[in-house]
Number of protein chains: 2
Amino acid sequence: MTETHVPIPTLERLAIYLRVLLDAHEAGIQTLSSQEIEQHSGISAAQFRKDLSYFGEFGKPGVGYSVPGLIQCIERILRLDAEQPILLVGAGNIGSALVGYPNFQAHRLRIAAVFDNNFVKIGRPFGELVIQDIARIKEVNADIGARIGIIAVPAHAAQEVADLLVEAGVTGILNFAPTILRVPKHVHVRNVSFLQELAVLSYHATEDALCVNGQVTRGGKDGI
Amino acid sequence: MTETHVPIPTLERLAIYLRVLLDAHEAGIQTLSSQEIEQHSGISAAQFRKDLSYFGEFGKPGVGYSVPGLIQCIERILRLDAEQPILLVGAGNIGSALVGYPNFQAHRLRIAAVFDNNFVKIGRPFGELVIQDIARIKEVNADIGARIGIIAVPAHAAQEVADLLVEAGVTGILNFAPTILRVPKHVHVRNVSFLQELAVLSYHATEDALCVNGQVTRGGKDGI
DNA sequence: GCGAGATTGTGAACCGTTTCACAAATCGCG
DNA sequence: CGCGATTTGTGAAACGGTTCACAATCTCGC
């Protein structure tokens with residue numbers, strides 16, 4: 001375990017392992033081998049061990065991993081051992097789904113404030129929160145100290161919101177708007193695009209041979 | 001361009017290019033070079049050209065790519081040239097956000113039916129649709145012929161829904177439930193996990209040195 | 001028609017992640 | 001205690017995707 005850069009895929013899988021471990025813990029299981037983790041997660045035992053090796057040694061040869069112990073370690077790695085406050089921008093459909101999402105709690109993720117720019121919505125209740133004016137986001141986050149923001153606004157407003165989030169001190173953005181965000185190097189962005197996901201599925205949906213492109217694309221004098 | 005396997009990341013990017021092209025088309029732009037695509041998409045020009053090379057030759061050296069022409073080609077590749085009907089299972093918060101999502105239309109993706117198992121919800125309107133009994137999904141899809149399904153139900157029900165979707169003829173599943181789905185080899189699954197995304201951001205949120213694991217994890221006689 | 005300039009398509013090099021395979025560690029049982 | 005069975009942690013090999021670099025192609029203007 002050399003103190004090196006951790007691959008993003010490893011971090012993504014860490015969250016999966018954590019879920020498996022929490023389920024096992026719920027079921028009263030005390031120990032799990034990498035083999036058993038593979039069974040429950042669909043991720044190979046070797047991959048699991050390699051992923052953990054970026055952070056240290058957590059298992060016992062011949063035995064496996066202590067479920068509660070590993071839960072604690074992964075939570076610490078992912079900074080989910082203390083409550084992680086989150087700013088949500090956009091009180092629309094997606095924002096609504098997020099504040100109502102039941103699984104955040106178990107991971108100590110908490111949407112601590114909701115913002116919108118629509119003055120009709122500002123002041124209204126939203127889940128257990130009240131929608132606040134996006135203009136006040138920096139001021140509000142001075143109290144909250146959130147490092148993570150979620151953008152759930154239309155594409156045309158996303159960049160502006162991103163700028164505001166960064167200014168408010170956020171270093172990680174979960175972006176639901178279908179746009180490329182420009183942010184400073186120290187800010188991490190993760191995009192969630194339903195369209196992208198469905199497009200990939202759409203490609204696989206029909207297994208017909210793809211129409212050959214040569215003719216179609218090289219026909220007319222002005223190209224494709 | 002050898003008829004080879006297309007990497008998933010390439011398909012994902014294809015959807016991004018399509019969005020950029022549609023925007024450009026909207027703006028009346030007729031031609032775009034890979035360099036300009038890079039500007040708008042954040043994806044390198046070389047990557048763009050390589051991605052397209054899996055499917056044929058779509059550009060003209062010295063000129064670039066015809067915007068309307070390339071839109072048509074990518075739509076055909078992604079099977080978005082004809083309307084792609086989709087089955088949605090789960091009339092909760094996430095399902096609600098999806099039927100209200102405005103961007104599907106431009107990509108010819110249409111949620112053609114909504115299902116739930118809650119008899120209180122069945123028969124109620126949901127967006128422009130009416131919630132139907134999940135028990136009838138196979139029967140209903142015999143008419144619709146959808147190849148794509150979306151799972152927006154709690155984790156404990158997800159596998160059962162997946163089985164029903166497969167039986168109804170679906171070959172691609174977009175899964176919002178935090179579970180590993182077991183499906184036949186010919187079915188493609190894509191998982192969307194808010195928790196996973198936020199966990200990765202959470203890891204980066206604090207740049208403190210990670211607590212060294214040696215002591216913490218190897219202390220007690222029963223390991224971690 | 002032809003040369004200058006621009007841009008594509010793609011084999012080859014590169015790089016990071018995944019998989020493999022095995023030495024080292026631990027446990028249980030006689 | 002010592003041996004066999006089990007499982008970890010990790011270098012090394014294999015793999016797959018990305019980047020590079022350049023020949024081939026095309027346009028434009030003179």
Exercise. Answer yes or no: is there a side-chain heavy-atom contact under 4.5 Å between A:I16 and A:E12?
Key: no
Practice problem: Report yes if the side chains of B:L52 and B:R49 come closer than 4.5 Å at any heavy-atom pair, otherwise no. | Solution: no
Nearest whole Å is fine: how far is [N] [atom2] from [X] [atom1]?
X: A:L32; N: D:dT7; atom1: CG; atom2: C1'; answer: 13 Å
X: A:Y54; N: D:dT8; atom1: OH; atom2: C1'; answer: 17 Å
X: A:E38; N: C:dT18; atom1: CD; atom2: P; answer: 14 Å
X: B:I37; N: C:dG9; atom1: CD1; atom2: P; answer: 12 Å
X: B:I43; N: D:dG17; atom1: CD1; atom2: P; answer: 16 Å
X: A:Y17; N: D:dT8; atom1: OH; atom2: P; answer: 12 Å
X: B:D51; N: C:dG9; atom1: CG; atom2: P; answer: 12 Å
X: A:F55; N: D:dT10; atom1: CZ; atom2: C1'; answer: 16 Å

Quiz item: Given the side-chain rings of B:F176 and A:F194, with only the six-membered ring counted for Trp, is the space between their centroids under 6.0 Å?
Solution: yes
Quiz item: Taking the six-membered ring for Trp, is the centroid-to-centroid distance between B:Y65 and B:F48 below 6.0 Å?
Solution: yes
Under-4.0 Å side-chain N/O to phosphate OP1/OP2 contact, [X] with [N]:
X: A:Y65; N: C:dT26; answer: no
X: B:S34; N: C:dT8; answer: yes
X: B:K50; N: C:dG9; answer: no

Identify which nucleotide among [options] has an atom closest to any side-chain atom of [X], counting heavy atoms from C-beta outward.
X: B:R49; options: D:dT18, C:dT8, C:dT18; value: C:dT8
X: A:K60; options: C:dT26, C:dT8, D:dG9; value: C:dT26
X: B:S44; options: D:dT19, D:dC26, C:dT18; value: D:dT19
X: B:P7; options: C:dT7, D:dG17, C:dT18; value: D:dG17
X: B:S33; options: D:dT8, C:dT18, C:dT7; value: C:dT7

Quiz prompt | Straight-line distance of B:L174 CG to B:I148 CD1, nearest 0.5 Å | solution = 9.0 Å
Quiz item: Measuring from B:R13:CZ to B:S44:OG, what's the distance to the nearest 0.5 Å?
Solution: 8.0 Å
Using a cutoff of under 3.5 Å, can you pull out all pairs of nitrogen or oxygen atoms linking the protein to nucleotides 1-4 of chain D, with atom names and distances?
none

Quiz prompt | Most 5' of B:Q47 and B:V63 on DNA chain D, judged by nearest nucleotide | solution = B:Q47
Exercise. Please tell me which of A:P9 and A:G62 maps to the more 5' nucleotide of DNA chain C, matching each residue to the nucleotide holding its nearest heavy atom.
Key: A:P9
Quiz item: Just wondering, are more than 12 heavy atoms of other shown residues or ligands nearer than 6.0 Å to CD in A:E160?
Solution: no
Quiz item: Do other residues, nucleotides or ligands put more than 12 heavy atoms under 6.0 Å from B:H25 NE2?
Solution: no
